[in-house]
Amino acid sequence: AKKNKETNKTFNFFHLLNVFLEMEGVGLKVWGELVSHREITFRWLQGFEFSESEPTALLQHRGGPCGIIAAVQGMVLKHLIYPADGELNQAWRNPEDTSLPLVHALASMLGATRVENSGSIKLVVLTGTDEEVDAYHAIMKGDKEDDGVIDAPVEYLHKNSDIMEVEDVETAEAMLLSMLSTYQGPFGAMLFLYSAVLTRGLEAIENDQGFDPDTFVSFPFGHANQSLVNLLLTGEAVLNVWDGDRDAGGLIIKGIRKRGKIGYLTLLESLNYCHVGDHLKNPMFAVWVIGSESHFTTLFSLDPRLVYDEAPIDVGRRVFEEFSSGSGFIEEKHLPELLTKVGKEATNEYISTLKRAICHDGIVLVSDFLSEVFPNVKKSRRALCLLLLRVAFVSCQLFCVNWVWAVSSSCFHLPFPSKTFASSSLSQQTSADVPTNFVLYHCNGIAKPGDVVRYCRGVAKSINPTDIGQPEIMRVCLCWQPTAVCVFILNNLFKNVLTRLSFSYFYLCFKCLWTKWNPLDVKWDNDQTPTIT
């Protein structure tokens with residue numbers, strides 16, 4: 001018996017040592033140089049707790065873990081609104097119990113990070129005493145300041161954790177439910193993040209990120225970066241938000257490979273820093289994480305028509321974009337492989353016919369490819385107007401004419417797409433079933449000073465809504481009425497005005513929404529435009 005006791009002590013020692021080393025490795029991947037930064041890591045003390053004023057909205061106490069909170073909030077809403085991937089749950093806003101939707105959300109997100117669907121899920125368990133955790137809880141709530149006596153949160157987490165391995169999502173749900181109070185405590189967000197990283201595996205994450213791996217928390221400000229958000233939304237820690245992989249002169253840069261359950265929109269796309277692909281813009285359910293330069297929030301709708309299955313032309317446009325790396329053209333040698341990926345027969349006869357029709361000097365344009373391979377898609381009258389207005393726009397530029405249009409919002413909106421005319425006009429046909437009137441909800445886990453966390457509801461109106469990317473003319477909606485005036489401002493005019501407007505919560509919110517629905521006007525309840533920063 002004495003020998004067995006010594007053996008158990010030795011086993012426990014090596015087990016705890018192995019857990020500590022694993023946690024240290026994960027810590028370096030998550031934090032990088034910030035692993036020992038007390039002020040930033042204390043900001044990441046955050047549990048999954050719901051607001052008293054909005055029972056299904058998650059609270060956020062400080063800036064930092066917003067990427068985790070917004071992603072989990074989105075998945076919680078998915079499980080609340082569509083509990084069985086079926087009919088709408090009318091009682092989504094006031095459920096009898098929020099524990100189960102939260103547990104379902106956490107477990108399903110961890111399950112999606114597995115390299116193989118049959119792989120195991122690793123859960124990080126906090127082993128510290130209640131008194132120690134209460135000290136961190138007081139700092140998280142602001143009842144106590146960090147006096148430097150207790151360990152930094154990351155250091156404490158690494159020393160006082162254990163790792164449990166379960167075989168499937170159902171078992172993970174049961175385990176999370178049994179220790180839900182821990183995940184709702186001050187270390188909840190970090191426990192979930194470490195569980196996701198361990199489940200995915202450091203080697204797989206390095207492979208996801210490719211040639212330029214990065215930490216999950218950005219230096220020096222301590223915000224969640226895009227790779228972390230992508231890991232939680234799609235299960236893969238890629239650095240980019242476009243569809244599929246892109247070949248940059250033989251260097252493969254990875255993007256989003258599959259359609260997620262919830263999606264992603266970002267203000268950075270309106271600034272032309274990135275392009276969000278259809279896999280994230282058009283998820284399975286009408287829930288999106290909203291990204292800005294320094295914060296993540298959540299947008300959702302109860303209207304299932306806002307998301308739809310890809311039409312053949314959508315597939316064609318997306319796959320062409322993967323081959324062209326977003327340039328809008330490809331070399332003719334890629335035609336056979338491109339046709340195969342879009343589900344067309346790549347016979348020699350068909351390829352020869354296609355080359356004669358759309359190849360010019362060995363180059364194939366996306367507009368020519370889509371119109372020839374998908375001939376049943378008709379160009380709309382609106383597309384013709386867009387072309388005529390584009391010609392007028394170029395003419396005005398040539399004659400150095402500075403001009404501003406003011407039109408009623410009840411009139412026909414005519415934004416200028418940044419993509420080619422034919423590409424935009426063809427893509428518009430695939431969203432014919434998207435409603436022109438719908439309701440949006442926005443959730444920001446950090447309340448304004450003196451306010452409480454509540455959903456911000458808005459009634460949206462859009463004529464022929466479609467994702468056409470950032471317009472060349474910025475549209476600033478001054479008010480919302482049937483006869484409201486929408487002012488269209490050229491990018492190269494009134495830059496001082498745009499600079500002032502860029503700090504407006506109103507302007508930033510709409511600018512982000514326009515990357516998905518363009519044109520779009522929203523009347524927010526009580527004129528409370530949501531904040532996304």
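Keep in mind that what you see is a predicted model, and the values were worked out from it rather than measured. Residues: numbered from 1 along the sequence shown.
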Taking all heavy atoms of [X] and all of [Y], pick out the closest pair and write down the distance.
| X | Y | result |
| --- | --- | --- |
| Gly263 | Leu233 | O-CD1, 3.9 Å |
| Ile163 | Lys122 | CG2-CB, 4.1 Å |
| Gln60 | Gly63 | NE2-CA, 3.7 Å |
| Ser227 | Gln209 | OG-NE2, 2.8 Å |
| Thr529 | Cys509 | CG2-CB, 4.1 Å |
| Lys511 | Thr515 | O-CG2, 3.6 Å |

[atom1]-[atom2] distance between [X] and [Y], expressed to the nearest 0.5 angstrom:
| X | Y | atom1 | atom2 | result |
| --- | --- | --- | --- | --- |
| Arg246 | Leu251 | CZ | CG | 13.5 Å |
| Leu339 | Tyr350 | CG | OH | 6.0 Å |
| Thr533 | His295 | OG1 | NE2 | 7.5 Å |
| Glu173 | Leu102 | CD | CG | 11.0 Å |
| Cys512 | Ile532 | SG | CD1 | 4.5 Å |
| Leu123 | Phe192 | CG | CZ | 10.0 Å |

Within the distance-only criterion (no hydrogens, no angle test), does the side chain of [X] pair as donor or acceptor with the backbone N or O of [Y] below 3.5 angstrom?
| X | Y | result |
| --- | --- | --- |
| Thr298 | Ala70 | yes |
| Lys29 | Asp214 | yes |
| Gln46 | Ala189 | no |
| Ser371 | Asp368 | yes |
| Thr199 | Ile121 | no |
| Asn225 | Leu228 | yes |
| Arg114 | Gly119 | yes |
| Trp288 | Lys281 | yes |
| Arg318 | Val315 | no |
| Ser195 | Val124 | yes |

Could you tell me whether the side chain of [Y] reaches within less than 4.5 Å of the side chain of [X], counting heavy atoms only?
| X | Y | answer |
| --- | --- | --- |
| Thr266 | Cys274 | yes |
| Trp31 | Met190 | yes |
| Phe438 | Leu520 | yes |
| Leu34 | Thr41 | no |
| Asn282 | Lys516 | yes |
| Val307 | Arg259 | yes |
| Trp44 | Val154 | no |
| Asp243 | Arg317 | no |

*Verdict with reasoning, Cys456 to Trp524, per side-chain contact (heavy atoms from CB on, under 4.5 Å)*: CA-CA 7 Å; Cys456 189; Trp524 299 101; 3.8 Å; yes
Is the ring pair [X]/[Y] parallel, tilted or perpendicular, if the boundaries are 30 and 60 degrees?
| X | Y | result |
| --- | --- | --- |
| His79 | His104 | tilted |
| Phe320 | Phe369 | tilted |
| His158 | Tyr194 | tilted |

_Whether the Tyr264 and Glu269 side chains hold a donor-acceptor pair (N or O, under 3.5 Å, no angle test) is what I'd like checked._
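Result is no, nothing qualifies.
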*If you measure only the distance, is there a donor-acceptor pair under 3.5 Å linking the side chains of Asn444 and Thr531?*
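On atom types as modelled, these side chains qualify, holding a pair under 3.5 Å.
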_Counting only heavy atoms not in Met164 (residues, nucleotides, ligands), do more than 12 fall under 6.0 Å from its CE?_
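Open.
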*Taking atom CG of Asn437 as the centre, report whether more than 12 heavy atoms of other residues, nucleotides or ligands fall under 6.0 Å from it.*
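Yes.
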*Take Leu280 and Val289 through the side-chain contact (heavy atoms from CB on, under 4.5 Å) test and state the conclusion after the steps.*
CA-CA 9 Å; Leu280 290 176; Val289 170; over 6 Å; no
*In a check of side-chain contact (heavy atoms from CB on, under 4.5 Å) between Phe48 and each of Leu59, Val103, Ile68, which one passes?*
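Passing option: Ile68.
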*Below 4.0 angstrom, N of the basic side chain to O of the carboxylate: do Glu236 and Lys254 qualify?*
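Judged by the 4.0 Å cut-off on N to carboxylate O distance, Glu236 and Lys254 do not form a salt bridge.
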*Charged N to carboxylate O under 4.0 angstrom, Arg257 versus Asp208?*
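Between Asp208 and Arg257 there is no salt bridge, as every charged N stays at least 4.0 Å from the carboxylate O atoms.
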_From CA spacing to verdict: side-chain contact (heavy atoms from CB on, under 4.5 Å), Leu45, Phe187_ = CA-CA 6 Å; Leu45 289 175; Phe187 289 92; 4.0 Å; yes
*Walk me through it: do Phe323 and Glu331 pass the test side-chain contact (heavy atoms from CB on, under 4.5 Å)?*
CA-CA 9 Å; Phe323 276 82; Glu331 297 180 56; over 6 Å; no
*Go through the steps for Asp168 and Thr171 under the test side chain to side chain donor-acceptor pair (under 3.5 Å), then give the verdict.*
CA-CA 6 Å; Asp168 49 46; Thr171 308; 2.6 Å; yes
*Verify the ring-centre separation between Trp92 and Tyr455: is it less than 6.0 angstrom?*
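Yes, they do, as the ring centres are separated by less than 6.0 Å.
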*Would you please indicate yes or no on a ring centroid separation below 6.0 angstrom for His360 and Phe329?*
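Distance test on ring centres: not under 6.0 Å, no.
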